[in-house]
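Below: the structure, in structure tokens.
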Protein chains: 2
Amino acid sequence: MDIAYLRKILIEKGLKITPQRLIVLEAVKTLNNHPTADNVMVYIKNNHPNIAIGTIYNILDTFVEFGILRKVNTEKDIMRYDPILENHHHLYSGDSNRIEDYFDNDLDLFLKKYFTKKNIPGFEIENIKLQIKGKFKP
Amino acid sequence: MDIAYLRKILIEKGLKITPQRLIVLEAVKTLNNHPTADNVMVYIKNNHPNIAIGTIYNILDTFVEFGILRKVNTEKDIMRYDPILENHHHLYSGDSNRIEDYFDNDLDLFLKKYFTKKNIPGFEIENIKLQIKGKFKP
DNA sequence: TCTTATTTAAGAATTATTCTCAACTAAGAA
DNA sequence: TTCTTAGTTGAGAATAATTCTTAAATAAGA
């Protein structure tokens, strides 16, 4: 992955560029199934065995805070991160931890229109995600 | 809350009726903001100080397994439980842990129709929940 | 009332995550 | 370039939610 591209992401957010941040960012962008901190750790370990796990958590938190990543909602007590920022939805497997992205522009447009008309009393919507549970066919 | 009603829920699922299960069930049905195991614990403590926390986790798991409760998807590492089983959606506060239910029959019907026509390749849908993030107005 | 498979209490064990703090370093200033 | 300083990192201890273990207790059918 192009380092200049990764650096640019950090610079745009006004974050200091450190080797650790570049490494974690590259990992998260490459690992695409909504990785956990541990997934990042394992991916990185061979080439960079001396990055502390605490640092990885630290960096992931910073990235969430600065809008480089989002946390994925799950029913497990392990945090997972999502590097894709365009609006999209998630397909959850009923019997494994697999989570895939689902893009649907038509649906997004419909929802936008729907909730412009029908507003929810006492609540101001910021964004809407579908949480689609089911089975991945083999 | 009517104990006969609580007993009936357990009997219908073929679960043994124990005092602990009735107590936890009553708590979960009463606490309505998607309680954590700890919320249940605190609620119960005064009247039943001798129920072990492990037992509460145990019972909550059993209830999830038997379809009496659902786990709520969150981006936190604390499990939360939802006693309402009719189809409904969730409103998430962007800046607190508040989660409220949102019912919308029209929308459910639309989604059902929409995904009957437009199917997702390689995926069989079991259910769809909207995860609506925003601000609760004061 | 007996029997047996289940369930519970208590607390130890586990595991993801956070915290602490000294050492280090990125990046702007001189 | 070198200096300065706020911000970052490494290492490991601390925390907190959850799970596990085991002996004792109990629900429910015989």
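Only heavy atoms go into these numbers, but all of them, side chains included; no hydrogens, no water, no symmetry mates.
Listed by chain and residue number, Lys118(B) satisfy the salt bridge (Lys or Arg N to Asp or Glu O under 4.0 Å) test with Asp106(A) (two or more places apart in sequence, or in another chain). Listed by chain and residue number, nothing satisfies the salt bridge (Lys or Arg N to Asp or Glu O under 4.0 Å) test with Arg7(A) (two or more places apart in sequence, or in another chain). Applying the side chain to side chain donor-acceptor pair (under 3.5 Å) test to Lys71(B) and every residue at least two apart in sequence or in another chain returns nothing. For Asn73(A), the side chain to side chain donor-acceptor pair (under 3.5 Å) test picks out no residue, with sequence neighbours left out. Scored by the salt bridge (Lys or Arg N to Asp or Glu O under 4.0 Å) test, Asp82(B) finds no partners at all (sequence neighbours excluded). In terms of the side chain to side chain donor-acceptor pair (under 3.5 Å) criterion, residue partners of Glu100(B) (sequence neighbours excluded) are, by chain and number, Arg98(B).
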Below 3.5 Å, can you tabulate the donor-acceptor pairs from side chains in residues 126-138 of chain B to any protein atom, sequence neighbours excluded?
{"residue": "Glu126(B)", "atom": "OE2", "partner": "Lys135(A)", "partner atom": "NZ", "Å": "3.0"}
{"residue": "Lys135(B)", "atom": "NZ", "partner": "Glu126(A)", "partner atom": "OE2", "Å": "3.0"}

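Put simply, CD1 on Ile59(A) is 14 Å from C1' on dA26(C), counting in whole angstrom units. Atom CG in Asn50(A) sits about 18 Å away from atom P in dA23(C), given to the nearest Å. Distance, Leu15(B) CG to dT7(C) P: 7 Å, rounded to whole Å. Following rounding to the nearest Å, Phe63(B) (CZ) and dT7(C) (C1') show an atom-to-atom distance of 12 Å. Counting to the nearest Å, the C1' atom of dT15(C) and the CG atom of Asn39(A) are 15 Å from each other. Across the protein-nucleic acid pair, Ile23(B) atom CD1 and dT8(C) atom P stand 10 Å apart, rounded to whole Å.
Along DNA chain D, the stretch of nucleotides lying under 4.0 Å from any heavy atom of chain A spans, 5' to 3', dA6(D) to dT18(D).
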When you compare the protein's N or O atoms with those of nucleotides 16-19 of chain C, which come within less than 3.5 Å of each other, and at what distance?
{"residue": "dT17(C)", "atom": "OP1", "partner": "Met79(A)", "partner atom": "N", "Å": "2.7"}
{"residue": "dT17(C)", "atom": "OP2", "partner": "Tyr57(A)", "partner atom": "OH", "Å": "2.2"}
{"residue": "dT17(C)", "atom": "O5'", "partner": "Tyr57(A)", "partner atom": "OH", "Å": "3.3"}

Scan nucleotides 2-4 of chain C against the protein and return all N/O pairs shorter than 3.5 Å with their distances rounded to 0.1 Å.
none

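Within the helix from dT1(C)-dA30(D) to dA30(C)-dT1(D), the inter-axis angle between the opening and closing five-pair segments is 30°, rounded to 10°.
Cluster membership check: Leu69(A) shares its hydrophobic cluster with Ile23(A), using side-chain heavy-atom separations under 4.5 Å among Ile, Leu, Val, Met, Phe, Trp and Tyr.
Using bins of under 30°, 30° to 60° and over 60° for the plane-to-plane angle, the ring pair His34(B)/His90(B) lands in the perpendicular bin.
Among the atoms of the strands shown, none is found under 4.0 Å from any heavy atom of Pro49(B).
Annotation for Tyr5(A): atom OH does not count as buried by contact number, only 12 or fewer foreign heavy atoms lying within 6.0 Å.
Of all non-hydrogen atoms in Asn39(B) and Leu31(B), the two that sit nearest each other are O-CD1, 3.8 Å.
Taking the centre of each ring, Phe110(A) and Phe110(B) come in below the 6.0 Å mark.
Listed pair Gln20(B) / dA9(C) meets the phosphate criterion, a side-chain N or O lying under 4.0 Å from OP1 or OP2.
Screening residues 45-66 of chain A for side chain to side chain donor-acceptor pair (under 3.5 Å) gives no qualifying pairs among residues at least two apart or on separate chains.
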